[in-house]
Number of protein chains: 2
Amino acid sequence: MAAGDRVTIYEVAERARVSISTVSNVLNKPDRVSPATRARVLAAADELGFVPKMQAVSFARRAAGRIGVMAPFTSYSSYLRRLSGLLATAAQLEIDVVVFDHESAALASSPVLASMPIHGRLDGLIVMGLPIEDAIAERLRERNLPTVAVDADSALFSRVVIDDSNGGSLAAAHLRDRGHRRVGYLLERQVSDYESQAIRRLSGFEQVIGAAGGDVRVATSDNSVGAARQAAAALLDVADRPSAVMAHHDALAVGVLLAARDRGLRVPDDVAVMGFDDGEAATAADLTTVRQPFEESGNTALGVLLGHIDGSDLRSTTVLDVRLVERSTT
Amino acid sequence: MAAGDRVTIYEVAERARVSISTVSNVLNKPDRVSPATRARVLAAADELGFVPKMQAVSFARRAAGRIGVMAPFTSYSSYLRRLSGLLATAAQLEIDVVVFDHESAALASSPVLASMPIHGRLDGLIVMGLPIEDAIAERLRERNLPTVAVDADSALFSRVVIDDSNGGSLAAAHLRDRGHRRVGYLLERQVSDYESQAIRRLSGFEQVIGAAGGDVRVATSDNSVGAARQAAAALLDVADRPSAVMAHHDALAVGVLLAARDRGLRVPDDVAVMGFDDGEAATAADLTTVRQPFEESGNTALGVLLGHIDGSDLRSTTVLDVRLVERSTT
DNA sequence: TGCTTCGAATAAAGCACTTCAAGGACGGTA
DNA sequence: TACCGTCCTTGAAGTGCTTTATTCGAAGCA
């Protein structure tokens with residue numbers, strides 16, 4: 001414990017023979033202090049190894065220097081990628097990032113404090129990949145906690161999303177150009193308005209295939225490789241089997257791949273398969289897919305959030321582009 | 001901003017007509033307060049929607065209620081899995097988890113404050129997957145910041161590791177039982193003493209194969225699918241090609257898989273392939289692999305850390321078990 | 001020389017809780 | 001009735017920094 005005793009601003013002040021206010025000013029508003037004094041204070045701080053205690057700083061500043069990121073990390077590994085993009089920037093800005101898994105973030109509501117676990121500790125919040133429930137949104141609003149939604153719709157907050165419709169179109173165009181006309185589409189079974197994202201993607205897809213005189217057959221699956229493997233039956237076990245299957249995201253595509261193998265179908269000759277995201281699974285399965293700019297999305301979200309924290313009240317929507325990544329499954 | 005005004009303990013006290021000390025006691029040591037008073041205070045708190053401000057709480061308690069997790073999240077996706085295990089538990093305990101990517105965690109050292117960015121804000125630290133540099137370790141020690149190392153060696157701190165040697169043995173036994181005698185092993189090129197982990201895994205592997213009269217050929221690769229795909233040449237492009245290849249982890253195994261396909265080799269008939277970790281890539285590639293208990297490792301680490309925070313000075317090492325997962329590549 | 005002005009330094013008031021020593025009330029006992 | 005001991009409750013002192021209003025001194029001006 002001996003070494004644990006922190007050096008406080010008082011000791012620095014004493015050593016530099018100034019008041020603590022001056023020490024504080026040296027650290028925060030150097031130009032308000034005469035060069036001579038400043039030098040003396042800095043020297044004293046260095047000699048004592050003074051490190052301002054964040055606890056106290058943020059307490060006195062009424063700000064946390066800390067933002068939260070909530071996402072379904074467990075369910076969708078892709079959110080980690082967004083997080084890393086954000087982390088790099090946050091570290092430079094000396095902002096701490098507290099992560100919440102959407103599953104585990106369920107309100108640990110004590111009888112007294114019916115509130116989200118995050119209240120009051122954060123300067124801002126980034127919610128990824130899941131719709132912000134109205135009740136929660138209202139609370140965030142009330143608490144005046146700046147929030148931005150990533151990869152999700154929100155009527156109240158700024159958003160960072162991808163062009164899902166275009167993503168669907170890109171994929172469809174790729175398949176169309178390879179001659180596919182009868183194609184399957186494996187949709188993820190989802191809840192609430194997150195769906196609209198999935199729908200947009202599907203619409204973009206259908207539009208292009210439809211325009212080419214093709215036909216899209218849609219099946220639905222839960223979010224897991226195993227579920228997709230089973231759900232693919234609806235697409236593959238029919239007389240006029242589609243010559244290509246697009247899945248809502250990579251993990252589902254992997255399920256389709258396995259289902260194809262179960263049936264002795266060759267990929268891509270008997271059936272072409274595409275995913276969406278270009279995550280780790282896509283690389284591993286050598287899957288043709290549509291790449292989302294994950295890292296950039298995290299970064300952008302942080303930028304937008306910081307703008308709001310600094311006072312901007314302008315709701316904004318940032319749409320990021322996607323692009324096709326060709327591999328061996330089409 | 002109107003709604004942003006927080007309810008403070010003073011207002012609750014006033015409404016319940018008690019002192020703030022009593023309110024504080026109701027929240028922290030309920031049994032020291034008479035039931036009647038307690039009820040009154042709780043009611044008042046509920047009516048006002050009182051939420052204690054963590055800033056102030058932890059400041060007054062001289063504790064942060066917050067731990068840090070540092071890991072190479074960007075480079076190895078598997079660390080996310082460990083993180084989720086930890087997150088669930090942390091949420092229940094109302095502990096915030098601040099994440100640092102090992103890459104971006106480089107010291108943002110100001111001229112005055114030569115210190116790690118994490119000092120003074122955390123109650124404890126979990127360092128995953130990378131050796132703790134001596135200089136850093138010494139600083140953590142000095143600052144008296146409880147630390148535990150996961151999946152890494154450390155002379156100073158408690159550790160949570162897997163039985164690498166056993167993992168290697170398991171894999172080897174599996175291949176041996178399938179008749180493989182001439183096998184390749186793709187090692188990851190690594191730095192410093194993290195290597196010892198890799199070495200232990202390899203030793204366990206070699207021992208079993210050796211005991212069966214077999215022979216292990218070792219090649220080295222950087223950490224990426226692409227690098228592994230190239231490095232596999234050293235194993236596959238030789239006269240007496242191994243009938244099986246084990247890779248240090250899944251991503252490398254995927255590289256081997258691709259390399260095999262490049263050469264028109266069938267898996268597992270011409271060459272069997274195994275990985276290690278059982279991450280997302282393993283599922284996607286339907287790879288036989290050795291599973292690490294990721295979630296559990298995160299949880300265990302948190303438990304150990306909490307013990308240290310609560311005062312235990314006992315250095316400990318927890319070894320977690322691994323197990324074989326058979327899929328289609330062997 | 002006397003008065004103003006302006007920069008530099010400071011005192012002191014927060015910030016929103018925890019905690020501990022101390023005070024009060026009340027029932028029980030002699 | 002007087003004295004004790006217990007259990008609640010409270011006042012007040014931290015916690016370590018920011019910030020605002022104020023003071024001090026010296027330079028500038030007439």
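Since the model is a prediction, treat every value here as computed from it, not as a measurement. Reminder, nothing fancy here: chain letters follow the sequence lines and each chain counts from 1.
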Assess whether one donor atom and one acceptor atom, taken from the side chain of A:Tyr10 and the base of D:dC17, lie less than 3.5 Å apart. yes
Determine: side-chain N/O of [X] to OP1/OP2 of [N], distance under 4.0 Å, yes or no.
X: A:Thr8; N: D:dT15; value: no
X: A:Thr22; N: C:dT10; value: yes
X: B:Lys53; N: C:dC17; value: no
X: A:Ser34; N: C:dA9; value: yes
X: A:Lys29; N: D:dT18; value: no

Between C:dC15 and A:Phe59, is there a base-stacking contact, meaning the centre of the base's six-membered ring lies under 5.5 Å from the residue's ring centre while the planes stay under 30° apart? yes
Provide, to the nearest angstrom, the distance between the [atom1] atom belonging to [X] and the [atom2] atom belonging to [N].
X: A:Glu14; N: C:dT10; atom1: CD; atom2: P; value: 13 Å
X: A:Asp31; N: C:dA9; atom1: CG; atom2: P; value: 12 Å
X: A:Glu11; N: D:dT15; atom1: CD; atom2: P; value: 12 Å
X: A:Arg17; N: C:dT10; atom1: CZ; atom2: P; value: 11 Å

For the side chain of B:Ala60, starting at C-beta, report the closest nucleotide among C:dT10, D:dG14, D:dC17. D:dG14
Under 4.0 Å, heavy atoms only, any strand: does [X] hit a base, just the sugar-phosphate, or nothing?
X: A:Val33; answer: sugar-phosphate
X: B:Ser58; answer: nothing
X: A:Val23; answer: nothing

Would you say the side chains of B:Ser24 and B:Asn28 form a donor-acceptor pair under 3.5 Å? yes
Between the side chains of A:Thr37 and A:Ser34, does any donor sit under 3.5 Å from an acceptor? yes
Interatomic distance, CE@B:Met128 vs CG@B:Leu125, rounded to 0.5 Å, equals 10.0 Å
Between A:Asn25 and B:Ile20, whichever has its closest DNA chain D nucleotide further toward 5' is B:Ile20
Which residue, A:Arg32 or A:Ile9, contacts DNA chain D at a nucleotide closer to its 5' end, judged by nearest heavy atom? A:Ile9
Sorted by position of nearest nucleotide on DNA chain C, 5' first, the leading residue of B:Ala56 and B:Ser21 is B:Ala56
Check ion pair B:Asp151-B:Arg82 (N to O, under 4.0 angstrom): yes
Just wondering, more than 12 heavy atoms not from B:Glu14 lying within 6.0 Å of its CD? no
